[in-house]
Amino acid sequence: MNAPAAAAHAALAPAGLQLAGDFPILSRTVHGKRLVYLDNGATTQKPDAVIEAERNFYRDSNANIHRGVHWLSQHATDLYEDARKTVQRFINADKADEIVFTRGTTEAINLVAQSWGRTTLQPGDEILVTTLEHHSNIVPWQLLCEQTGAVLKVAPISDAGELELEAFEALLGPRTRLVAITHVSNALGTVNPVARLVEQAHAAGAIVLVDGAQAVAHQAVDVQALGCDFYAFSGHKLYGPTGIGALYGRFELLQAMPPWHGGGDMIRTVSFERSTYADAPQRFEAGTPNIAGVVGLAAAIDYVSGVGMANIAAYEHALLGHATAALQTVPGLRLIGTAADKAAILSFVIDGIHPHDLGTILDAEGVAIRAGHHCAMPLMTRFGIPGTARASLGIYNDEADIAALVAAIDKAQYMFGTRQTR
């Protein structure tokens with residue numbers, strides 16, 4: 001760990017230890033061992049503030065929104081629309097009407113594919129993605145290509161897991177209509193230079209969707225500074241509830257897009273002859289939404305904003321440096337993804353131990369990691385491996401968690417006979 005990183009970690013370590021107390025699940029035991037939760041890339045745990053926000057909504061404020069004239073409905077509507085403003089401020093959208101609530105990143109990407117894509121793309125048009133993408137930022141575009149005759153192009157990455165920038169730019173052309181890129185790789189932690197990629201894509205005449213699922217919990221996001229046209233993220237990766245997320249879209253794009261789902265609350269008028277639709281974002285929020293989830297998402301954003309995104313980024317960067325150094329001392333362990341700019345994700349393989357076996361043994365020690373392809377099978381193919389073990393860090397993790405991880409790996413190696421002494 002370099003000196004600035006060590007200093008940042010020393011300054012923020014007490015705050016990190018204090019934050020763990022805000023997450024009740026971390027006080028439980030697993031198989032008689034202290035729970036060491038290192039699967040934050042899959043989902044984060046929830047602080048009391050989020051749990052209480054959802055509980056309080058159902059206890060004190062539950063009603064359907066937008067259509068009721070009674071006080072409780074109007075109160076619930078205010079909570080829902082105030083949460084939209086909270087998301088707007090969090091990612092610095094220009095206006096609250098640029099925020100569409102969805103079930104998560106996956107639904108947000110599918111919304112863009114089916115609403116914008118099906119009405120825009122023609123045979124031979126091109127969609128450019130990267131090798132780093134999660135399946136949720138691959139499969140919707142493949143489906144769209146089947147529906148429209150568009151063509152999917154893929155930008156390569158280096159052995160370090162970094163996007164090959166010259167190759168990316170070379171793939172942009174007059175038929176490129178959409179670029180869909182991850183902000184932070186869920187499998188490797190690579191942070192893409194999104195603002196630069198957006199600028200290049202716009203110069204080629206393409207619009208840009210950014211998968212921000214793994215970014216929003218680790219660093220400040222400013223969609224206006226990035227310049228992207230769409231930005232999608234999920235609440236459950238941000239210490240918020242499952243089943244809720246948001247899509248940012250430039251308002252002029254959203255307003256020109258047709259509805260995807262039809263039903264109540266997204267209409268202006270309905271007759272058997274024809275229907276007319278509400279303005280964005282309401283036209284994309286058909287039916288009764290996850291109101292309590294929206295309230296919980298706002299509480300999660302308030303929580304991380306109170307900690308400070310700059311503080312979170314500095315703390316996690318320092319902890320990542322410590323964890324990287326600790327894992328590099330393990331014989332036979334190879335890190336997959338060594339980009340210069342990384343978020344707090346560590347993917348690795350160990351000689352003689354399948355990632356699934358490693359995950360099972362670590363679980364017996366109370367250490368929760370993820371093992372497999374991480375919904376990034378093309379990326380695993382790029383590295384010639386079936387999968388990795390992944391330890392993904394969050395704001396409540398600390399050096400004791402890293403020590404527990406290393407000790408559990410040591411036990412696994414001893415059990416598999418790849419290490420003779422313990």
Side-chain angles (χ1 to χ4, degrees), residues 91 105 108-109 112-113 116-117 120-142 144-145 148-215 218-233 248-250 252-253 336-343 345 376-384:
I91 62 173
T105 306
I109 294 172
V112 174
W116 177 87
T120 303
L121 296 186
Q122 301 294 324
D125 286 344
E126 295 176 357
I127 301 169
L128 178 59
V129 298
T130 80
T131 307
L132 292 167
E133 305 309 320
H134 186 281
H135 294 168
S136 292
N137 205 24
I138 299 173
V139 178
W141 310 120
Q142 291 176 327
L144 183 60
C145 287
T148 64
V151 178
L152 190 69
K153 299 285 187 177
V154 184
I157 61 171
S158 70
D159 290 342
E162 297 173 319
L163 183 63
E164 294 185 0
L165 298 176
E166 291 184 2
F168 172 87
E169 188 171 15
L171 285 166
L172 294 168
R175 299 306 301 268
T176 310
R177 301 299 305 277
L178 173 74
V179 173
I181 51 174
T182 186
H183 197 162
V184 174
S185 165
N186 75 300
L188 304 182
T190 303
V191 180
N192 273 325
V194 170
R196 173 179 173 175
L197 303 179
V198 169
E199 183 178 5
Q200 291 173 339
H202 283 173
I207 69 168
V208 182
L209 177 143
V210 179
D211 172 356
Q214 295 292 336
H218 301 294
Q219 61 187 69
V221 172
D222 184 333
V223 293
Q224 294 190 71
L226 293 175
C228 58
D229 303 286
F230 297 103
Y231 195 97
F233 70 93
Y248 156 79
R250 286 195 294 111
E252 57 269 29
L253 283 173
I336 306 297
T338 54
D341 192 1
K342 280 190 63 171
I345 293 172
M377 293 178 74
L379 179 59
M380 297 298 131
T381 299
R382 161 63 178 83
F383 285 100

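Small disclaimer: the values here were computed from a predicted structure and weren't measured. Positions are given from 1, in the same order as the sequence printed here.
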Atom [atom1] in [X], atom [atom2] in [Y]: separation rounded to 0.5 Å?
{"X": "Glu126", "Y": "Cys145", "atom1": "CD", "atom2": "SG", "result": "9.5 Å"}
{"X": "Leu253", "Y": "Thr120", "atom1": "CG", "atom2": "OG1", "result": "8.5 Å"}
{"X": "Arg177", "Y": "Asp125", "atom1": "CZ", "atom2": "CG", "result": "5.0 Å"}
{"X": "Gln224", "Y": "Tyr248", "atom1": "CD", "atom2": "OH", "result": "6.5 Å"}
{"X": "Thr130", "Y": "Asn137", "atom1": "OG1", "atom2": "CG", "result": "8.0 Å"}

What's the shortest heavy-atom distance between [X] and [Y], and which atoms?
{"X": "Lys342", "Y": "Leu188", "result": "CE-O, 3.1 Å"}
{"X": "Ala376", "Y": "His135", "result": "N-NE2, 3.3 Å"}
{"X": "Ala232", "Y": "Ala108", "result": "CB-CB, 3.7 Å"}
{"X": "Ala155", "Y": "Phe168", "result": "CB-CD1, 4.0 Å"}
{"X": "Leu171", "Y": "Val154", "result": "CD1-O, 3.5 Å"}
{"X": "Leu144", "Y": "Ile127", "result": "CD2-CD1, 4.0 Å"}

Is a side-chain donor or acceptor of [X] paired with a backbone partner of [Y] at a separation under 3.5 angstrom?
{"X": "Asn192", "Y": "Val194", "value": "no"}
{"X": "Lys153", "Y": "Thr176", "value": "no"}
{"X": "Asp229", "Y": "Val208", "value": "yes"}
{"X": "Glu169", "Y": "Gln200", "value": "no"}
{"X": "Thr190", "Y": "Ala339", "value": "no"}

Item to complete: Dump the intermediate steps for side-chain contact (heavy atoms from CB on, under 4.5 Å) on His134 and Thr182, then the final yes or no.
Response: CA-CA 8 Å; His134 186 281; Thr182 186; over 6 Å; no
Does some side-chain heavy atom of [Y] sit less than 4.5 Å from a side-chain heavy atom of [X]?
{"X": "Glu133", "Y": "Ile181", "answer": "yes"}
{"X": "Ile91", "Y": "Phe233", "answer": "yes"}
{"X": "Pro378", "Y": "Ile138", "answer": "yes"}
{"X": "Ser185", "Y": "Ile157", "answer": "no"}
{"X": "Val112", "Y": "Trp141", "answer": "yes"}

Fill in: Val179/Leu172 under side-chain contact (heavy atoms from CB on, under 4.5 Å): CA gap, chis, key distance, verdict
CA-CA 9 Å; Val179 173; Leu172 294 168; 3.7 Å; yes
Worksheet entry | side-chain contact (heavy atoms from CB on, under 4.5 Å) between Leu209 and Trp116, worked out | CA-CA 11 Å; Leu209 177 143; Trp116 177 87; over 6 Å; no
Practice prompt. Verify the neighbour count for atom CD of Glu252: are there more than 12 heavy atoms of other residues, nucleotides or ligands below 6.0 Å?
Written response: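 Correct, the count exceeds 12.
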Discussion item. Is it true that, when you exclude Met377 itself, more than 12 heavy atoms of the residues, nucleotides or ligands shown sit nearer than 6.0 Å to its CE?
Written reply: no
Worksheet entry | Worked verdict on Leu178 versus Leu121 for side-chain contact (heavy atoms from CB on, under 4.5 Å) | CA-CA 9 Å; Leu178 173 74; Leu121 296 186; 5.5 Å; no
Worksheet item: Have Gln219 and His183 got a donor and an acceptor in their side chains that come within less than 3.5 Å?
Response: yes
